[in-house]
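All remarks here apply to the structure that follows.
This structure is a prediction, so every number in the text was calculated from the model and none was measured.
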Amino acid sequence: MPSLHDATRGRVLFGGDYNPEQWPEEVWADDVRLMKEAGVTSVTLGVFSWAMIEPRPGAREFGWLDRLMDLMHAGGIGVVLATPTSSPPPWMGALHPETLPRTEEGTVVTYGSRQHFCPSSPVYRRYAAALTEDLAARYADHPALTMWHINNEYCTHCWCDGTADHFRRWLAARHRTVAALNEAWGTAFWSQRYDTWSEILPPRRVQYLRNPAHELDFKRFTSDALLECYTAERDIVARHTPHIPVTTNFMPLWEGQDAWAWAEHEDVVSVDVYPDPKDPRGGQYNAMLADMTRSQACGPWMVMEQAAGSVNWREVNHPKPAGLNRLWSLQAVARGADAVCYFQWRQSRQGSEKFHSAMLSHAGEHGRTFAEVKRIGAELALIGAEVSGKEVTAEVAVLHDWDAWWGAAQQDRPSSLVAYTELVQAWHAALWEGGIATGFARPEADLSGYRMVLVPQLYLLSDAAIDNLVAYARGGGTLVCGFFTGVADPDGRVRPGGMDSRLRALFGIRTVHEWWPLEAGATVECDGLRGTLWSEELEPDGSAETVSAYRGGELDGLPAVLRKGTATYLSTLPEPGALRDLLGRRAAEAGVRPVVEGLPTGVEAVRRGELLFLLNHGRSPAGVKLPGRRLDLLTGTETDGGVELGRFGVAVLRDVPA
Amino acid sequence: MPSLHDATRGRVLFGGDYNPEQWPEEVWADDVRLMKEAGVTSVTLGVFSWAMIEPRPGAREFGWLDRLMDLMHAGGIGVVLATPTSSPPPWMGALHPETLPRTEEGTVVTYGSRQHFCPSSPVYRRYAAALTEDLAARYADHPALTMWHINNEYCTHCWCDGTADHFRRWLAARHRTVAALNEAWGTAFWSQRYDTWSEILPPRRVQYLRNPAHELDFKRFTSDALLECYTAERDIVARHTPHIPVTTNFMPLWEGQDAWAWAEHEDVVSVDVYPDPKDPRGGQYNAMLADMTRSQACGPWMVMEQAAGSVNWREVNHPKPAGLNRLWSLQAVARGADAVCYFQWRQSRQGSEKFHSAMLSHAGEHGRTFAEVKRIGAELALIGAEVSGKEVTAEVAVLHDWDAWWGAAQQDRPSSLVAYTELVQAWHAALWEGGIATGFARPEADLSGYRMVLVPQLYLLSDAAIDNLVAYARGGGTLVCGFFTGVADPDGRVRPGGMDSRLRALFGIRTVHEWWPLEAGATVECDGLRGTLWSEELEPDGSAETVSAYRGGELDGLPAVLRKGTATYLSTLPEPGALRDLLGRRAAEAGVRPVVEGLPTGVEAVRRGELLFLLNHGRSPAGVKLPGRRLDLLTGTETDGGVELGRFGVAVLRDVPA
Amino acid sequence: MPSLHDATRGRVLFGGDYNPEQWPEEVWADDVRLMKEAGVTSVTLGVFSWAMIEPRPGAREFGWLDRLMDLMHAGGIGVVLATPTSSPPPWMGALHPETLPRTEEGTVVTYGSRQHFCPSSPVYRRYAAALTEDLAARYADHPALTMWHINNEYCTHCWCDGTADHFRRWLAARHRTVAALNEAWGTAFWSQRYDTWSEILPPRRVQYLRNPAHELDFKRFTSDALLECYTAERDIVARHTPHIPVTTNFMPLWEGQDAWAWAEHEDVVSVDVYPDPKDPRGGQYNAMLADMTRSQACGPWMVMEQAAGSVNWREVNHPKPAGLNRLWSLQAVARGADAVCYFQWRQSRQGSEKFHSAMLSHAGEHGRTFAEVKRIGAELALIGAEVSGKEVTAEVAVLHDWDAWWGAAQQDRPSSLVAYTELVQAWHAALWEGGIATGFARPEADLSGYRMVLVPQLYLLSDAAIDNLVAYARGGGTLVCGFFTGVADPDGRVRPGGMDSRLRALFGIRTVHEWWPLEAGATVECDGLRGTLWSEELEPDGSAETVSAYRGGELDGLPAVLRKGTATYLSTLPEPGALRDLLGRRAAEAGVRPVVEGLPTGVEAVRRGELLFLLNHGRSPAGVKLPGRRLDLLTGTETDGGVELGRFGVAVLRDVPA
């Protein structure tokens, strides 16, 4: 099986999406000159080229792409070649309206933007396969080709009649009989019982609440339908180039794709990361996406897209202040990235993304963005050989699961203020601030390698997952579990007692009397911490220790945090500092240490292979005490006893043998 | 005519919706055991059973229902049997798409939730009638049957072409000629004149504001169209069982149904009450719904649904703290309920309402919810014989009218911050806090039995209603009337002068120069009170007393509150305390006394028949001084000179003869 | 060419929309009596009369209108006769559904409101032309006819298939070839390349961001399509009555019509002005609309609609406090209006605007609104002869352009908090508060007559406009330019460097490194001012003076305001006081003085012809020192050395020769 290593060959790739069809060819030579100046080693071509390659049904215009591939090769730049199937040409929608998605309300989603295809459309799939076939055949042996990039940010949705057909086939494969589907969806309630497959529709506009199991299965189906589109194209290119790795770029923490399931079908896991430069938690968010993607990749991974400066789709789009692009790029490398790429090389002058930054911004080669890009390119060249392919290890795993996310997102839940991704981020942030290396895992994964396992929230869990968690904790693993976990089975059916009995026994809970979600902005006092978002009326079974009890209010005196052996249950979300302290204590008990002890606030330390990365997320300089002598690969200077990091400063240190 | 008494037979019914089709039959026996334990005397069956009974067009599967009816009867539990017509099976929408509603924008509202029927659809009506016929025939003589429950929470809306046809027929019956309709709707403006009936549509998506008379008639029509659905089914069951009372459950203060008009077609008036447990006004709101429903029923009524704990459709769904379910249940009984029922008996494990509480919650028979349910059941058994069928009397009536509500809800009004239901609640709250027993009445009702009549706001009034009000006040009745009343006639046509001249004369107003709605959150100072929401530039005619004048601002010195004899006009909404004081003074002058004088804050007193209910809405204990000796039916203990009420405490007292 | 003067004949017209079809004919005589009492000289008839005149296809019922025309003539009241084509009768939509607009999502926008026509519909246009023809023929020689009013507030939008056809024809005329369109729209990006004209659609519902050039051209097209409707009708009436002036009433600062382009096709520029009576900036807003409309008219103009009191379409609709209607009416006259008209004469009792005020309100002839109307009528008669036709001059021009507005409104911009109209208002307000007379101009206009030219923001500029601005400043004109100006060319294509190089050279900017929009509510400190909304990371080229630098934050020390000779660039929006001071200083340097020096806050001074208007926008009296003797035309009294203005007071002064 090919892998990212086949593309990196011992380097950290540097480059980005290159959409040269936007400019006259005379600009291309200038591009190559500046790419070389910046140390670009990889570009992604073809993402939005369908209409250029196939300007009318069945036509093929490869000449311009041939010239570009040759140009890149001549410049020593590898090409990640995209199948341009994420954005069909206008003629497809005009000629075959059934390829266009429809909304829940039946509105046609037309062309003129992007991602306007129904993933269930056989016509779309046929055109996409034919083009992929010809593209793969043409460039299979091109020396510039280093990787295949299938489609782009799979994120279309559709509720059309063709989707309905496809959904029914998917349901038939999952549930076998209509009776089983009725049982799984609980259609006995509200008179929703289906008599035949043909009655089943996607969850379209209804009068009131939809059946949550119907919605859950439709989310599963949509992820799977998109995955079919991916694997169909992947199979074609892999047939032509079995030695070339294949990827598709994820949007991280994106609800629409089960990235765990998708990653199994990729040779390279790549991701588009867009933390907000004005978000004080941007650095932690970047770290979290890195940890998540690395875990999905089971090793080195690829930043397929990031912004050199601002994006264009937020309400207010801040550029990256000087140094932040470098900081976050090196942070990604520290956390396992073997490729640092951008959307896009040269900033568009037209179209919807003309205010999205690029490596070469509107300010051009004398702009400060390009200056920083060149610095990053040079530094990646300095450290590439020592990090490429190296592993990042973590003794703590955060459990994360799309089924649980989808299940918890149902319309009719105790509190719509509780958002799954915010819980995941809050728990990861607690570890990140504590300086503890972290990975992510699925609930059913082998957890034996971790000293501590965290469950921010897994509303829905399979029996296997529950048994896995229980066995982990019973076997001595430190398990910390957040509220509203283990509530439902994989169909979203509430388990007897409102929480699985095995989990209740694990944590020492006899009865969950009530979930008490908190009002927006409200908090609840507990011993030693203040809770947010949620509380629970729990009756302990006497086997657990009440670590913290509610004080005041309706739950006065009842347990907020319960602990039984190595298993801890949090029935509320502690405020950030308290969560950090609580998880820090549990980590210490589990023998998990921070990567570097005693770091100043805002300084992050990450080990990758033999190297220690120190990253200062603050705007003020920070001094880090670090016994021993080390070589900073970025400056080539030796440190002894400590390192001074400037604003957004980074040091990449290798031990110097005494 | 059958009545609620035919079902209660001297008891207060206790129970709830029972949807056993959600569970395997082995659970049913357990249900009966626990129902008996809880003192359940009545369950509602069949509300969502259409797809179970008629799994495909024309099929009939009654076996399971037969077994349930027998089981209930064997357990001594009466059955309120529902026609399951509120939620048609999926096959109906799939086979007959014209039965599905369409939104104002033409979007199909499909199945997969509930209430997805077009009330004007002949196909839907035919299927519903056929099923009702068979259901009535089959169970007419079943000994468990105590009441018919037609459909459920009639609340569907439709703007489809079939609805257009039906609407035109309704309009033709109302207006007779197109010319009369044009006159009633004022279509001379904006070139909206209709030339033929066939041009008239439901008020669908338009470019700008809709004709308010068009919208008003469509609201009337929709209520009537739904009522036709109801009466059609009622006629069928009544033919089979003339001795069995018939109801349909209202959503209270629901805009879509004119409950006054509907109540005339019911043997039993029942209602679904869902105050928010986290709303500090929840107890008052519960009282108001009780007063309103009792007034519509002209006597005892039925809580058809309430929640034992939380609901699932608010943004944040709080459970009921311990004791609150009991407090509000006994409050309903105090205010005339002869049935205390819940949605639902056993909490769903699947479907959209799995996080809606039930009598038997996820926590099960050892949960605190069920413990409280059992206590309520036992207490209702203790007091049932002494309250069942007894009247609650009130000397004060609040006038409430759907036409006025609909008229005032037009898009293009002076202030969209003014909400009819909030005014009604504010005025009822003023009385409730003052401890004054209150009922509701229609504007055209015989008011001679009341010492005081309140009009929070009746934007639209018929001539008969105006004459009724004027005669009442001229006859010595105490009338207090809120702003923006008597503005329009029943077509929504503004009356000359902007307020009916008879009403102006009644209150001593020469000219209404301007309505001055207040900005969000703004208040206006007046003598002795602070006004909210609204003010008016009035020119008095010299015959009235200015009770309070505006101070400062553009209306400085002009009257805010005018009084002429027993008639008082409020051109603003006083803040709660001021409104309570003002209405309290008028009540005292009218000879209306609180039920019990000198109650502590938060304690409510209600007389029903011979009994005095004392209800503590506070979380702290409260002592009530009460001269004389009484027996508390709930505890069986005698009181002398006073009662101590605990948190959410209730006493039900009968005088002990000296 | 006929002009407004042909209708005014030395008067200031006074009157309003008159929709007598809403009342029985007996009311009409009363109307005339009261119009005379109020000094009404002009009414607008027929705006919403289509369904009355043509109650079914092809019918003609002119009798009622004949009688009205005669009645007006007999009363000495001129008639502005409207083609009633803005609101087609219901039969048209029922019989010809293709005349109804469709939304972006394809929803039909039906009749029952107003403006429900697709401007591209040939059927609609045919009916409209036929009716216009007959109307013009019938009343061409009627002595009451003084002006034609085509349609009303052209503001419909449509995305239907017929619109698509029309749009393609418009595009073909603009771009000639599909290749040129692809180039202009930048369709190489996101695979949006069109192969044939037939593929192009209006910008309908899409999955993500639309192509901004597509949206820009569609806005241009829609304005042009509506203009075609206008000119078609104008041509018909002009053929019948070449001597009668023609207008259509603008909604000011309305995005949908390029008023500069439209004004060229009008004999009279008229406008509907609805400042909010509760807006503290209402007076400035009224002044700005006047200045804008006068500039479009190149001279005297017409208030076609304003409200005598409240409107009905705001969330909260305040009436005008006593005196405000008079103040704003005379302000309009001061700023060039030769007609003060209202929507509408008599307040509707039915329909959507029954809570919109009128000259004769619900309170009737004894209401205070009518009293003030009569005063205004009398005063206009007093001053009419001395102001009618007179010019208002301004030495300062604010540049304002629809293309720039449309371009800046794209979905995907740096900050969606930046709203073009708010910038224009902020800059005009700075001048208005400074007492400086102001006009508006297009970017390509001859600017040689102005001492100072202001550019609040012109995101998009043609080369000619840029050259015009540069030449103006280089020629010694004082130019002050706001941020994000000159960014794009007329296709919305970003100019190299992110800002046109000629403009950068003009202001002394070497490089625009980044746009830094500010968060909602955030401000940025600069020397001597506080910036809002926006900041920029600029690198000066050394040729300019840094008037103010950023202090603190990421831009610390970089220039906020740059000045090079007479050209000043503001990279932020200063807070109101600072902007007023900055523009005031530049104006003083340019030799521009306030109309009257040393005015108290809230008092406005405007010169029109020989007259000086003093207007007190405050609720407190204000004294104005004014050397010399003057006659106040309104009071007939002479002043010497000063004037006392009461609350909302106005003086209209003529110098008295010494």
Side-chain angles (χ1 to χ4, degrees), chain A residues 19 21-23 47-52 55-56 84 86-91 93-95 101 103 105 107-116 155-157 278 309-310 312-319 321-322 347-357 361-364 366-369, chain C residues 104-107 183-196 198-201 203-214 410-417 487-489 491-499 510-520 522 537 539 553-554:
Chain A
N19 299 291
E21 55 270 52
Q22 298 176 86
W23 288 278
V47 170
F48 296 121
S49 300
W50 195 339
M52 298 294 288
R56 60 205 62 85
S86 76
S87 197
W91 58 255
L95 197 63
T103 68
E105 310 228 314
T107 301
V108 174
V109 177
T110 194
Y111 50 88
S113 177
R114 59 181 210 191
Q115 266 102 3
H116 46 276
C155 64
T156 184
H157 280 89
K278 65 182 181 292
S310 75
N312 64 324
W313 40 264
R314 294 196 171 96
E315 188 182 43
V316 176
N317 297 291
H318 271 208
Q347 191 162 9
S348 296
R349 294 181 59 200
Q350 296 177 278
S352 287
E353 303 203 89
K354 66 192 179 193
F355 294 122
H356 189 294
S357 63
S361 73
H362 289 313
H366 302 300
R368 81 152 165 83
T369 298
Chain C
E104 298 172 22
E105 310 228 314
T107 301
E183 170 56 28
W185 287 10
T187 60
F189 193 56
W190 283 6
S191 185
Q192 296 175 344
R193 181 192 167 281
Y194 294 97
D195 198 51
T196 66
S198 65
E199 292 160 15
I200 301 173
L201 296 174
R204 294 179 181 163
R205 165 72 179 260
V206 290
Q207 197 78 283
Y208 187 45
L209 302 167
R210 295 199 191 98
N211 183 307
H214 184 184
Q410 65 184 63
Q411 297 173 295
D412 52 323
R413 57 193 196 263
S415 173
S416 57
L417 303 178
V487 170
D489 73 13
D491 290 323
R493 188 185 286 105
V494 175
R495 291 178 178 274
M499 182 181 185
R510 175 172 295 130
T511 308
V512 180
H513 286 292
E514 296 287 358
W515 298 298
W516 285 80
L518 305 184
E519 286 295 275
E537 185 174 348
E539 181 179 328
E554 290 291 333

From OG (A:S49) to CH2 (C:W190), nearest 0.5 Å: 14.5 Å

Within-4.5 Å side-chain heavy-atom neighbours: C:D412 and A:E353: no

Most chain A-contacting option - heavy-atom pairs closer than 4.5 Å, from C:S198, C:S416, C:P414, C:A188: C:P414

Option that, when pairs with chain C are counted at under 4.5 Å, heavy atom only, ranks first among A:P90, A:A94, A:P89: A:P90

Proximal component of A:H356, with respect to chain C [non-hydrogen, under 4.5 Å]: neither

Closest heavy-atom pair and its distance - C:R210, A:S352: O-OG, 2.7 Å

Side-chain donor or acceptor of C:S415 paired with backbone N/O of A:V316 under 3.5 Å: no

Interface moiety of A:P88 toward chain C, non-hydrogen atoms closer than 4.5 Å: backbone

Donor-acceptor contact present, side-chain C:Q207 to main-chain A:Q115, <3.5 Å: yes

Side-chain ion pair, A:R368 and C:E537, N-O less than 4.0 Å: yes

Donor-acceptor contact present, side-chain C:Q192 to main-chain A:S113, <3.5 Å: yes

Euclidean distance, A:Y111 OH relative to C:R204 CZ, rounded to 0.5 Å: 8.5 Å

Closest heavy-atom pair and its distance - A:S87, C:S191: O-OG, 2.9 Å

Shortest non-hydrogen separation from A:G112 to C:V206 and the atoms involved: C-CG1, 4.4 Å

A:V108, part contacting chain C, at a heavy-atom distance under 4.5 Å: backbone

Side-chain heavy-atom pair C:W516, A:P321 within 4.5 angstrom cut-off: yes

Any side-chain heavy-atom pair of C:Q410 and A:K354 under 4.5 Å: yes

Region of C:R510 that comes under 4.5 Å of a non-hydrogen atom in chain A: neither

ring-ring contact (aromatic ring centres under 6.0 Å, His included) assessment of C:W515 paired with A:F355: CA-CA 10 Å; C:W515 298 298; A:F355 294 122; 5.5 Å; yes

Greatest number of heavy atom pairs closer than 4.5 Å to chain A - which of C:E199, C:E183, C:E105: C:E199

Under 3.5 Å: donor-acceptor pair, side chain of A:Q350, backbone of C:A184: yes

Selection from A:G93, A:G351, A:A322 maximising heavy-atom pairs under 4.5 Å formed with chain C: A:G351

Heavy-atom pairs under 4.5 Å with chain C, option from A:M52, A:H366, A:Q22, A:E21 with the top count: A:Q22

Side-chain donor or acceptor of C:T511 paired with backbone N/O of A:A363 under 3.5 Å: no

Side-chain donor-acceptor pair present, C:E514, A:T369, cut-off under 3.5 Å: yes

Structural part of A:T103 lying under 4.5 Å from a heavy atom of chain C: side chain

Shortest non-hydrogen contact from C:R413 toward A:N317: O-ND2, 3.1 Å

Interface moiety of C:H214 toward chain A, non-hydrogen atoms closer than 4.5 Å: neither

By side-chain contact (heavy atoms from CB on, under 4.5 Å) - contacts of C:P496 (at least two apart): A:R349

